[in-house]
Protein chains: 2
Amino acid sequence: MSGVARKIRFQDARVEMAHGAGGKASRRLIDGLFAPILFGPSWEPLGDAARVDVGGARLALTTDSFVVHPLRFPGGSIGELAVNGTVNDLAVSGARAVAMVAGYVLEAGLPTEILEAEIRAMAGAAARAGVTIAGGDTKVVEHGKADGMYITTSAVGRVIPDLEISPARVRVGDQVILSGPIGDHGITILLARGELDFEAELRSDTRSVLPLVEALARAAGGAVHWMRDPTRGGVATALNELSLDCGLAIAAEEERIPVRDAVRGACELLGLDPLHIANEGQLIAVVARDSAEAAVAALRETPGGEYASIFGEVIAHPAGAVVVKSAYGGSRIVDMLVGDPLPRIC
Amino acid sequence: MSGVARKIRFQDARVEMAHGAGGKASRRLIDGLFAPILFGPSWEPLGDAARVDVGGARLALTTDSFVVHPLRFPGGSIGELAVNGTVNDLAVSGARAVAMVAGYVLEAGLPTEILEAEIRAMAGAAARAGVTIAGGDTKVVEHGKADGMYITTSAVGRVIPDLEISPARVRVGDQVILSGPIGDHGITILLARGELDFEAELRSDTRSVLPLVEALARAAGGAVHWMRDPTRGGVATALNELSLDCGLAIAAEEERIPVRDAVRGACELLGLDPLHIANEGQLIAVVARDSAEAAVAALRETPGGEYASIFGEVIAHPAGAVVVKSAYGGSRIVDMLVGDPLPRIC
């Protein structure tokens with residue numbers, strides 16, 4: 001422990017749902033409480049995985065807990081999400097997951113068939129993502145002390161040689177690329193809860209984004225400066241974090257961001273912005289201008305990236321902000337997610 | 001996924017508390033359901049960590065979820081336990097933890113001061129254990145959907161060169177060593193719940209056992225054949241797992257197993273066997289006969305190992321069983337923990 005203590009700035013008296021939503025409150029909790037205590041004075045804003053050197057190997061290490069409710073939903077389930085989410089945290093950090101471990105907190109009374117289905121979902125997702133599940137741990141808590149099950153997956157990955165991902169590499173003029181339509185996951189979960197009066201033909205986009213990352217690495221290599229999978233808090237939160245971390249601004253064009261009609265419709269009814277809705281199989285990449293077209297072309301040839309497009313650009317001002325230009329010509333500042341309108345979507 | 005499917009032998013209809021107790025039911029769940037699906041046909045019984053080769057480096061990877069109730073208890077808390085438990089899983093697998101990540105499932109309404117205390121406990125335990133906490137993830141679930149907080153820690157470690165730990169290396173005549181008094185952790189947790197009519201001056205033994213492992217490595221090196229930290233299910237369960245995994249038997253002498261009076265008294269009142277009570281800072285080592293005295297001497301010079309002793313021997317028959325000779329000359333077969341008399345002790 002260093003002698004120089006960083007200040008605890010987190011002042012909220014209690015943990016609230018918003019602290020887990022991935023938006024502004026989450027960042028306050030992490031930057032204001034966890035980071036000063038756990039990571040010491042030299043800590044810098046974390047990406048989705050930590051770089052560690054072990055025995056001469058350059059590795060990436062990440063962990064992610066999953067508490068999605070309900071456990072199963074169109075297009076996926078907690079088990080698939082738990083594998084893909086952690087594979088993706090490594091992928092957007094420029095690393096390929098090699099081995100994964102899983103910690104289960106199970107609720108007493110959970111039917112075995114539900115547990116078995118999730119173990120099978122994990123095995124299938126791991127096989128598709130090319131990662132080995134190397135071990136795990138199981139705890140059981142009394143009925144009512146967990147919501148069926150929570151799964152925490154952690155993985156170690158090998159750094160992909162040609163990629164160097166850091167907000168410090170982002171420059172004015174860099175192009176901002178999105179791999180496909182946004183909001184499918186969050187709205188699917190919301191509808192799967194059956195609390196709303198409408199239905200839609202929508203499926204979660206949960207998948208490994210590693211093939212997309214590898215396509216970017218081949219097509220653009222070192223010209224890829226930053227990546228993120230816009231999960232909790234959505235595209236808006238990911239871009240706001242980037243703008244804060246690199247000290248620049250992001251200008252996005254709303255009409256170039258693909259959103260399915262069902263997602264747009266649900267958002268209008270609920271007063272939500274699709275830019276704040278979670279995705280589990282999409283990728284944002286910031287790529288040097290000269291390589292951006294090649295990057296998009298490579299994504300479009302990769303399953304899951306068919307609708308990839310350039311939707312924004314890094315600009316200098318207003319530093320730390322995300323400016324979205326609407327189809328009608330107006331502009332608005334889009335903040336991180338505030339509050340938690342869609343709790344427990346992953 | 002291999003084409004050869006292993007059989008699902010787990011027949012229980014629901015998950016019960018006993019499946020999380022670390023004893024017989026836990027092993028049935030892991031061997032009968034998780035392992036056949038997740039680990040494929042070539043799977044062998046897991047130690048406390050998985051070996052993985054990443055980029056030419058020999059690594060160990062492990063994960064452990066913590067659901068201890070109450071969160072704080074004499075001698076420690078969930079945060080310390082979460083760091084030490086994972087450091088120890090690597091240590092007894094012959095690896096030194098290098099980097100750790102932590103996943104938090106927090107309950108809405110958790111007072112910040114309780115969370116802060118646990119983050120500080122983790123930072124302190126990590127500093128003492130010499131491991132870096134490199135990142136984490138935080139989720140929040142509704143009040144009532146977790147019991148304050150659950151923490152899952154995962155760590156990657158570097159294999160300690162002189163150690164090769166495997167049940168396959170265990171031989172008849174090997175000596176079985178225990179690092180110190182047993183049962184302190186489990187009985188401390190039980191008393192901390194305040195549900196019993198008696199009190200005792202007892203503290204959890206939670207600590208990093210890495211210094212003990214390093215002392216063994218220096219003193220006995222390759223003569224150390226197997227190690228385990230006897231947590232859930234206690235010494236009896238750890239020895240039963242060893243006997244099953246190596247196909248030999250363990251003969252233990254009860255009077256050579258140190259048990260504090262308070263632990264013995266609580267066990268007598270509750271009808272429990274101290275051999276089934278969890279420990280969080282003890283180590284069992286199986287060492288070749290010629291090196292056993294040197295190993296014990298090295299442990300005794302190490303903090304936490306002052307009461308180390310040889311308490312048993314590996315014998316050929318009855319294969320797969322643990323035989324305990326009492327002080328009065330009788331012998332009994334001691335099984336793994338059955339049921340879960342002390343739920344959520346870690």
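Reminder, nothing fancy here: chain letters follow the sequence lines and each chain counts from 1.
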Margin query: Heavy-atom pairs under 4.5 Å with chain A - which of B:His19, B:Glu16, B:Arg120, B:His143 has more of them than the others?
Written below: B:Arg120

Note to self: At a heavy-atom distance under 4.5 Å, which candidate from B:Phe66, B:Phe10, B:Tyr150 has the highest pair count against chain A?
What the structure shows: B:Tyr150

Next item on the list: Can you tell which part of A:Arg232 gets under 4.5 Å to a heavy atom of chain B, answering side chain, backbone, both or neither?
Entry: side chain

Item checked: Region of A:Tyr104 that comes under 4.5 Å of a non-hydrogen atom in chain B -> both

Checklist line | A:Val54, part contacting chain B, at a heavy-atom distance under 4.5 Å | finding: both

Next item on the list: Output yes when a side-chain donor or acceptor of B:Thr86 lies under 3.5 Å from a complementary backbone atom of B:Ser154, and no otherwise.
Entry: no

Margin query: If I take atom CG from residue A:Asn84 and atom NE2 from residue A:His185, how far apart are they, to the nearest 0.5 angstrom?
Written below: 10.5 Å

Notebook entry, point to check: Is there side-chain contact between A:Glu214 and A:Arg96, with at least one heavy-atom pair below 4.5 Å?
Noted result: yes

Checklist line | Proximal component of A:Phe34, with respect to chain B [non-hydrogen, under 4.5 Å] | finding: both

Next item on the list: Measure the CE-OG1 distance between B:Met100 and B:Thr132 for me, rounded to the nearest 0.5 Å.
Entry: 10.0 Å

Notebook entry, point to check: Of the listed residues (A:Ala57, A:Gly20, A:Ser65), which shares the most heavy-atom pairs with chain B below a 4.5 Å separation?
Noted result: A:Ser65

Note to self: Which atoms of A:Ala13 are under 4.5 Å from chain B, going by heavy atoms: the side chain, the backbone, both sets, or neither?
What the structure shows: backbone

Notebook entry, point to check: Which of the residues B:Pro343, B:Ala18, B:Ala108, B:Ser26 is involved in the greatest number of heavy-atom pairs with chain A at under 4.5 angstrom?
Noted result: B:Ala108

Notebook entry, point to check: By a 4.5 Å heavy-atom criterion (distance strictly below it), what part of A:Leu59 contacts chain B: side chain, backbone, both, or neither?
Noted result: side chain

Next item on the list: Determine, for B:Lys139 against B:Asp137, whether the closest basic-nitrogen to carboxylate-oxygen distance falls under 4.0 angstrom.
Entry: yes

Item checked: Most chain B-contacting option - heavy-atom pairs closer than 4.5 Å, from A:Val101, A:Ile114, A:Asp89, A:Asp147 -> A:Val101

Checklist line | Engaged part of A:Ala102 at the chain B interface, taking heavy atoms whose separation is under 4.5 Å | finding: backbone

Checklist line | B:Thr62, part contacting chain A, at a heavy-atom distance under 4.5 Å | finding: backbone

Check: Counting distance only, does the side-chain N/O of B:Glu80 pair as donor-acceptor with the main-chain N or O of B:Ala125 below 3.5 Å?
Finding: no

Item checked: chain B contact via A:Leu29 - side chain, backbone, both or neither, heavy atoms under 4.5 Å -> side chain

Item checked: Proximity breakdown for B:Val98 and chain A, heavy-atom pairs closer than 4.5 Å -> side chain

Item checked: Heavy-atom contact with chain B under 4.5 Å, split by part of A:Arg344 -> side chain

Notebook entry, point to check: Side chains of A:Arg58 and A:Arg158: does their closest heavy-atom pair fall under 4.5 Å?
Noted result: no

Next item on the list: Examine whether an atom of B:Ile8 lies under 4.5 Å from a heavy atom of chain A, and if so say whether it belongs to the side chain, the backbone or both; otherwise answer neither.
Entry: side chain

Note to self: Under a 4.5 Å cutoff for heavy-atom pairs, which residue among B:Asp12, B:Asp340, B:Asp64 has the most contacts with chain A?
What the structure shows: B:Asp64

Margin query: Under a 4.0 Å threshold between the charged nitrogen and the carboxylate oxygen, would A:Asp245 count as salt-bridged to A:Arg27?
Written below: yes

Note to self: Among B:Leu33, B:Leu110, B:Thr152, which residue has the highest count of heavy-atom pairs closer than 4.5 Å to chain A?
What the structure shows: B:Leu110

Item checked: Contacting region of A:Leu106 [heavy-atom separation from chain B under 4.5 Å] -> side chain

Notebook entry, point to check: Side chain, backbone, both or neither: which part of A:Val52 has an atom under 4.5 Å from a heavy atom of chain B?
Noted result: side chain

Next item on the list: For the pair B:Lys24 and B:Glu241, find out whether any cationic side-chain nitrogen is under 4.0 Å from an anionic carboxylate oxygen.
Entry: no

Check: Taking B:Ser208 for the side chain and B:Leu210 for the main chain, is one N or O donor matched with an acceptor at less than 3.5 Å?
Finding: yes

Check: Between B:Ala21, B:Gly109, B:Ala99, which residue shows the highest count of heavy-atom pairs closer than 4.5 Å to chain A?
Finding: B:Gly109

Checklist line | Pair A:Glu107 + A:Lys145: basic N to acidic O under 4.0 Å | finding: no

Margin query: Would you say A:Thr231 and A:Glu280 are linked by a side-chain donor-acceptor pair, where the criterion is simply a distance under 3.5 Å?
Written below: no

Notebook entry, point to check: Ignoring hydrogens and geometry, is there a side-chain-to-backbone donor-acceptor pair from A:Thr153 to A:Ala82 under 3.5 Å?
Noted result: yes

